[in-house]
Amino acid sequence: MSEQLSQSSNEQVATARGTFRPEPGAAPWGRQVLAQASMEARLLLRNGEQLLIAVVIPVVVLVGGVLGAERVGLTFDQPVADVLTPGVLALAVMSTSFTSLAIATGFERRYGVIKWLGASPLPRSGLLAGKVLALLVVEVLQVLVVSAVGLALGWRPEPGAIGLLGSLLAGVLGTAAFASLALAMAGSLRAEATLAGANLVYLLLMAGGAVVLPASAYGGVGDVVAWLPSGALGEALRAGLLHGTIDAASLLVLAAWTLVGTVVTARTFTWE
């Protein structure tokens, strides 16, 4: 009799299990990543400094470059808007996936946010996936804004299917390369040092990294700056959106920088 009662009790527990709402336990991995990405994207868009870097500066560079090219003696074989718009799109990718990510992650480490998230059901892979997904969301908004301004200034892209594929690959690899470098910086330096370093690198690459202007505009050092992640991203996007081709060499450079940044991040990143 006791065995029958025990078996009946186990069956009732088994039947009731999973029917209680809310059911205890962590949410599925995908739902956790989406929630983390949504939070990360909102934080990026609500931060005035990050919004300035992500949207305002690229738009100002594009408008100023197109309208003032003749005054400063910038001449290209193609219309100025056609040359500068892909470069400014590359600048937008760099601003979000490197500068904004590095600064945000650095201060998250300082205030213990990452340590707190590490103690939550969200795994480290989910945290990183959420950050990358948030970057892609912000970059889509950047592409829409910069493209609209470029079209208003006379940009007329005709990349074709191959050019669009090359541009997409450039955007993805560029995001991966700069994000890995951003995490390497933010994970090994203090928040204040990360803030200063990320902004300094951003300004240096914007001015001399062949991201906005083609590498050919830098004369004898053009071949050198094309090996920088900024130069490779800019050249790859110009090849896709301006010439309708895939710049395989630049894509390989971006892949190499991604590998370097990932290895450095894995060895040096600390969560607190």
Side-chain angles (χ1 to χ4, degrees), residues 37 40-67 80-104 131-155 157 159 163-164 166-182 198-215 225 228-242 247 250-251 254 257-258:
E40 296 276 356
R42 290 197 303 270
L43 290 176
L44 282 173
L45 294 175
R46 288 177 181 176
N47 190 309
E49 179 185 354
Q50 307 304 327
L51 192 61
L52 173 69
I53 295 175
V55 178
V56 177
I57 291 180
V59 169
V60 170
V61 170
L62 178 58
V63 174
V66 172
L67 298 182
V80 176
D82 291 350
V83 176
L84 294 186
T85 302
V88 173
L89 288 172
L91 178 66
V93 171
M94 184 180 75
S95 66
T96 298
S97 58
F98 177 74
T99 311
S100 296
L101 179 61
I103 294 173
K131 285 184 174 293
V132 172
L133 186 57
L135 291 180
L136 294 176
V137 171
V138 175
E139 286 175 3
V140 168
L141 297 176
Q142 288 178 292
V143 169
L144 293 176
V145 172
V146 172
S147 297
V149 175
L151 291 172
L153 293 172
W155 180 43
L164 287 176
S167 301
L168 180 61
L169 291 174
V172 171
L173 286 174
T175 298
F178 279 111
S180 63
L181 295 172
N199 283 317
L200 177 61
V201 171
Y202 175 74
L203 292 174
L204 291 177
L205 292 181
M206 180 173 63
V211 59
V212 177
L213 298 177
V225 295
L228 297 174
S230 56
L233 178 58
E235 292 298 293
L237 283 178
R238 276 184 287 270
L241 297 176
L242 185 60
D247 189 343
S250 295
L251 295 180
L254 290 174
W257 278 105
T258 301

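For the numbers below, each heavy atom of this structure counts, side chains included, while hydrogens, waters and symmetry mates do not.
Nearest heavy-atom pair, Ser230 versus Gly209, reported as atom, atom and distance to 0.1 Å: OG-O, 2.8 Å. Shown here for Met94 and Met206, the closest heavy-atom pair between the two residues is CE-N, 4.3 Å. Nearest heavy-atom pair, Pro157 versus Pro159, reported as atom, atom and distance to 0.1 Å: C-CD, 3.5 Å. Between Gly154 and Asp82, the shortest heavy-atom distance links the atoms O-OD1, 3.9 Å. Pairing each heavy atom of Arg238 with each of Gly87, the nearest pair is NH1-CA, 3.6 Å. What you find for Gly174 and Leu254 is that their closest heavy atoms are N-CD1, 3.9 Å.
Looking only at distances, a side-chain donor or acceptor of Ser180 sits under 3.5 Å from a matching main-chain atom of Ala177.
In terms of the side-chain hydrogen bond (donor to acceptor under 3.5 Å, both in side chains) criterion, residue partners of Ser95 (sequence neighbours excluded) are, by chain and number, Gln142. Applying the side-chain contact (heavy atoms from CB on, under 4.5 Å) criterion to Leu62, with sequence neighbours excluded, gives Val66, Leu84, Thr85, Val88, Val146, Val149, Leu153. Here Ala198 pairs with Phe98, Thr99, Ala102, Ile103, Met185 under the side-chain contact (heavy atoms from CB on, under 4.5 Å) rule; sequence neighbours left out. With sequence neighbours excluded, the residues satisfying side-chain contact (heavy atoms from CB on, under 4.5 Å) with Val225 are Ala210, Ala215, Tyr218, Leu228. A search for side-chain hydrogen bond (donor to acceptor under 3.5 Å, both in side chains) contacts involving Ser250 returns Asp247, not counting sequence neighbours. Thr175 meets the side-chain hydrogen bond (donor to acceptor under 3.5 Å, both in side chains) test with Glu139; sequence neighbours excluded.
Residues Ser97 and Leu181 fail the side-chain proximity criterion, which asks for heavy atoms closer than 4.5 Å.
If you take CD1 on Ile57 and CG on Leu91, they are separated by 8.0 Å, rounding to the nearest 0.5 Å. Atom CG of Leu237 sits about 11.0 Å away from atom CG of Leu242, to the nearest 0.5 Å. With rounding to the nearest 0.5 Å, the separation of CG in Leu200 from CG in Leu205 is 9.0 Å.
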Side chain to side chain contact (heavy atoms under 4.5 Å, CB included) between Leu233 and Val211, worked out = CA-CA 7 Å; Leu233 178 58; Val211 59; 5.5 Å; no
